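First the structure, in the form of structure tokens, and then the observations on it.
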Amino acid sequence: MAAGVKGLRITAVSLAFRLMCGRFLLTSPVESLGRLFGFPERPNLAPRYNIAPTQSVAVVRSDPELAGHHLALLRWGLVPFWAKSRDIGARMINARAETLAEKPAFRAAFRYRRCLILADGFYEWQKREDGTKQPYVIQRRDLAPFAFAGLWESWEEKEQAATLETCSIVTTGANDVLRPVHHRMPVILEGQEACDQWLRPTSGSADLQQLLRPAAEEAWVARPVSSRVNKVTNDGAGLLDAPEDVAAEVSDEDPDGGEGSPHKAIGRSTDDPDQGSLF
DNA sequence: CCAGACGTTGTT
DNA sequence: GTCTGG
DNA sequence: CCAGACGTTGTT
DNA sequence: GTCTGG
């Protein structure tokens, strides 16, 4: 794919590449997700191109009472059960793999409440020399859905007498390809066995820790996208278009640039504002 | 003992 | 709730 | 993660 | 600069 190749070129040349997980997408039909991750629920999930912290995300849990894997919609940003307010959750969107077994906010969740957080890709922002930022989307080459290693927690809202379920995405060190440009990345559980092992209540700490490693770089592609993704209220398919200035960047680095101009996908006028239901 | 934190990323 | 710092 | 706010008193 | 909201 031309766009994918271009994305890789720019990525490799860039010096200040940053990668972690504060925004992602999930657009696959619930039937595909259910088949892939082994859950029976088939709720009406609207495609989401711009999932942000504090919003509802699709997770898979292993429920000892029901047996098997089950889909749930949880708020992104883990609120520890002892928190006085839900506000802390906005800053608990990631949990470091190296310390989650010890940190008071995460260790009980690591031991008892692990989950898969479903995605088709995630975004990251590259800081340019002029201080502006270029968003990238990172997806599998085959565009298949995948699972972040996640933790979840249950929090009792005192005033409302309600229970809020929240979650956090585990992060780890970057792989060899990404290490020169950035040092962190989200943990992705590749393959059914890794997913099952993460969810299995009887998995030991050592086995779990072994899953918390960087993804296999061959399977992944990064490519620049429109900065419209910056605004959380933009949530349409147009966010995956190439940015307007990619042509300029490419010709800066490769004046011959025989690849032709990577214009925006034609006929994609606006982001469809599929506001309405989250899922 | 009580009080207060409990988290991540990035940047300098 | 549980650990750390004072 | 980025965008956007960042404050008070009093009045209805 | 730093915090909150999405």
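First the proteins, then the strands, lettered A, B, ... as listed; each starts at 1. Note that this is a predicted model, so its numbers are computed, not measured.
Atom name P, nucleotides E/dG5 and D/dG7: the rounded distance is 12 Å, in whole Å. Nucleotides B/dT11 and D/dC2 place their P atoms 10 Å apart, quoted to the nearest Å. Only the C1' atoms considered, D/dC1 is 10 Å distant from B/dT9, to the nearest whole Å. E/dG6 and B/dC6 have their P atoms separated by 25 Å, with the value rounded to a whole Å. Comparing D/dT8 with E/dT4, their P atoms are spaced 14 Å from each other, to the whole Å.
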Please write out each protein N/O paired with an N/O of nucleotides 6-8 of chain B under 3.5 Å, distance rounded to 0.1 Å.
| residue | atom | partner | partner atom | Å |
| --- | --- | --- | --- | --- |
| B/dG7 | OP1 | A/P104 | N | 3.1 |
| B/dG7 | N2 | A/R91 | NE | 2.4 |
| B/dT8 | OP1 | A/R96 | N | 3.0 |
| B/dT8 | OP1 | A/T99 | OG1 | 3.4 |

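At a threshold of 4.0 angstrom between heavy atoms, the contacts of A/R86 with the nucleic acid are absent. Among the protein residues, A/P80 comes within range of no part of the nucleic acid, since none of its heavy atoms lies under 4.0 Å from any strand.
A salt bridge links A/D142 with A/R140: the distance from a Lys NZ or Arg NE/NH1/NH2 to an Asp or Glu carboxylate oxygen falls below 4.0 Å. Contact check on A/E157 versus A/R86 returns a salt bridge, with a Lys/Arg side-chain nitrogen under 4.0 Å from an Asp/Glu carboxylate oxygen.
Side chains of A/T171 and A/R184: a donor on one and an acceptor on the other come within 3.5 Å. In the model, A/D241 has no side-chain atom that pairs as donor or acceptor with a side-chain atom of A/S226 under 3.5 Å. Using a 3.5 Å distance cut-off with no hydrogens or angles, the side chains of A/S203 and A/Q197 do not pair a donor with an acceptor.
As rounded to whole Å, 5 Å separates atom C1' of D/dC1 from atom CZ of A/R23. Taking atom CD of residue A/Q126 and atom C1' of nucleotide D/dC1, one finds them 15 Å apart after rounding to whole Å. D/dC2 atom C1' lies 9 Å from atom CG of A/N50, rounded to whole Å.
Under the ring pair (Phe, Tyr, Trp, His ring centres under 6.0 Å) criterion, A/F148 pairs with A/F24, A/F122, A/F146, sequence neighbours left out. Among residues two or more places apart in sequence or in another chain, the side-chain contact (heavy atoms from CB on, under 4.5 Å) test is passed with A/T172 by A/A97, A/M185, A/V187, A/P214.
Note on A/K231: every side-chain N or O is 4.0 Å or more away from OP1 and OP2 of D/dC1.
The shortest distance between side-chain heavy atoms of A/D120 and A/L143 does not fall below 4.5 Å. You'll find the side chain of A/S227 stays beyond 4.5 Å of the side chain of A/Q134, heavy atoms only.
First and last contacts of DNA chain E with chain A, using any nucleotide atom under 4.0 Å from a protein heavy atom and ordered 5' to 3', fall at E/dT4 to E/dG6.
Remark: DNA chain B takes part in the stems B:1-6 with C:1-6, each of 3 or more antiparallel Watson-Crick or G-U pairs, criterion distances under 3.5 Å.
When all heavy atoms of A/W76 and A/I93 are compared, the closest pair comes out as NE1-O, 3.2 Å.
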Below 3.5 Å, can you tabulate the donor-acceptor pairs from side chains in residues 101-116 of chain A to any protein atom, sequence neighbours excluded?
| residue | atom | partner | partner atom | Å |
| --- | --- | --- | --- | --- |
| A/R113 | NE | A/W152 | O | 3.4 |
| A/R113 | NE | A/E153 | OE2 | 3.3 |
| A/R113 | NH2 | A/E153 | OE1 | 3.0 |
| A/R113 | NH2 | A/E153 | OE2 | 3.3 |
| A/R114 | NE | A/W198 | O | 2.6 |
| A/R114 | NH1 | A/F110 | O | 2.7 |
| A/R114 | NH1 | A/R111 | O | 3.0 |
| A/R114 | NH2 | A/R200 | O | 2.7 |

